[in-house]
Amino acid sequence: MNVLVINCGSSSLKFQLINSDSEQVLAKGLCERIGIDGSLTYQPAGEEKVKTDKEMPTHTEAIQFVIDALTDAQTGVVKSLEEIGAVGHRVVHGGEKFASSVVITDEVYQAIEECNDLAPLHNPANLIGIAACQKLMPGTPMVAVFDTAFHQTMPQKAYMYGLPYEYYEKYKVRRYGFHGTSHSFVSKRAAELVGKPYDQVKTIVCHLGNGASVCAVENGKSVDTSMGLTPLEGLVMGTRSGDIDPAILEFIAKKENLDIAGLMNMLNKKSGVFGLSNNLSSDFRDLSAGAAEGNVPAKIALEVFSYRVAKYIGSYAAAMNGVDVIAFTAGIGENDGGVREMVMQYLGYLGVEMDEKANATRGEEITISTPDSKVTVMVIPTNEELAIARETVALI
Ligand code: ADP
């Protein structure tokens, strides 16, 4: 079956058409600047990508252009819409309502809407994408796959904040975690690669991309993860601060005369390795190049980032009373051997021994610890779209 995977943002929409039998991507692309002017980038498998400007006042036009491209007589990859058996939608926040993926019904749509408060930037956009697809593809089954669902197995001691309990009761203020599709995909693959049943292995997944999080997966279940109510908590990220002393907010608000919106903008957009590197870059390629040329803030940013990852690994090894596999994934985790090495330097006490040659490779599935290492350390490229396609097919 062919599954259309949709990841819809407020002004953009990424898509992949995946054949679920061969697990091959037939075509992929994205629509950008929806509601502003608009463009479609489209790439059938094995061919060059082509970007065309297209007027896209709403997401409905964007999806129509995607369908037109996929079914085009020359550049299309299917003959008609009938060859698309299902649509899988990435949805950011499922709150406490969704502990797994679901087939989208009117009730489900409403329940996702009720989670909008928890992810005001993301969920409404995801819903717009769902509504647009439903309009243009009536009768095609659709599935919602949530970033938060995998973490619904976290025990209460891991998800409660040290805040008044009434905020949990009234507003559901608690830790939810994100990147669940990736943590689930990578931890499953790690178990396969070490040849152990998924429910008998302790894995720590380090999803290190622009947004970054660590997850403790014990016997197939997420038991803790570094992001919280929102994706701001945890690791130092590209431009997000991660964990800080909350009292800094009052201090900086007074000094810099910032209101809540200004503070949130600072924490989400101006912090992380970008802020630490004195605004050099949020991209680790630039930071490594800068550090190699003697740029001190760039070096500090890399050190702070790696140290924070290592501290989370340590705390999750404690939470699970041990760890069998540590897996690195996403843009930095898959490609940046330098950062992986900096992290692994802290893990000697766990019996981690790095294989230098293996760690020098980039973007491929590989074990980067030595055969004698007490913990197996791996690079496992994530594939969230494939995971969404698999979930979609399993449900329908
Ligand atoms: P997201 O999906 O969160 O936007 P990605 O997982 O695509 O992020 O990761 C993007 C980041 O990965 C870039 O900002 C960059 O820091 C890092 N990255 C990508 N390629 C490389 C590379 N070759 N070397 C080091 N870092 C890289």
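Atoms within each ligand, like the ligands themselves, are counted from 1 in listed order. Heavy atoms only: backbone and side chains are in, while hydrogens, waters and symmetry mates are out.
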> Where do Asn2 and Asn19 land on the side-chain hydrogen bond (donor to acceptor under 3.5 Å, both in side chains) test, with the steps shown first?
Replying inline: CA-CA 4 Å; Asn2 297 324; Asn19 181 286; 3.1 Å; yes
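Atom 22 (C) of ligand 1 has Asn335 CB, 3.4 Å as its closest protein atom, hydrogens excluded (heavy atom only). Scanning the protein for heavy atoms near atom 24 (N) of ligand 1, the closest one is Arg285 CG, 3.4 Å. Summary of contacts: the protein heavy atom closest to atom 10 (C) of ligand 1 is Asn210 N, 3.9 Å. At the top of the distance list for atom 15 (C) of ligand 1, counting protein heavy atoms only, stands Asp283 OD1, 3.5 Å. Looking only at protein heavy atoms, the nearest one to atom 16 (O) of ligand 1 is Phe284 N, 2.8 Å. Of the protein's non-hydrogen atoms, Gly331 N, 2.9 Å is the one closest to atom 6 (O) of ligand 1. Nearest protein heavy-atom neighbour of atom 17 (C) of ligand 1: Ile332 CG1, 3.5 Å.
Counting only heavy atoms from C-beta outward, the side chains of Ile63 and Leu13 approach each other to under 4.5 Å.
Close contacts of ligand 1 with Asp336, meaning ligand atoms under 4.0 Å from a residue heavy atom, involve 25 (C).
Note: no N/O pair closer than 3.5 Å links Ala330 and ligand 1 by distance alone.
Between the side chains of Ser315 and Lys311, no donor-acceptor pair is found at a separation under 3.5 Å. Side-chain N/O atoms of Tyr198 and Ser187 include a donor and acceptor closer than 3.5 Å.
Between Lys97 and the choices Glu107, Glu114, Glu113, the salt bridge (charged side-chain N to carboxylate O under 4.0 Å, His left out) rule is met once, by Glu114.
Taking a 4.0 Å cut-off on heavy atoms, Arg362 registers as neighbouring ligand 1. Heavy atoms of Gly211 come nearer than 4.0 angstrom to ligand 1 in at least one pair.
Minimum interatomic distance between Met56 and Ser39 (heavy atoms only, all atoms of both residues): CE-O, 3.3 Å.
For atom 2 (O) of ligand 1, no protein heavy-atom neighbour is present inside the 4.0 Å cut-off.
With salt bridges taken as basic N to acidic carboxylate O contacts below 4.0 Å, none links Arg90 and Glu384.
The aromatic ring centres of His151 and Phe178 sit 6.0 Å or more apart.
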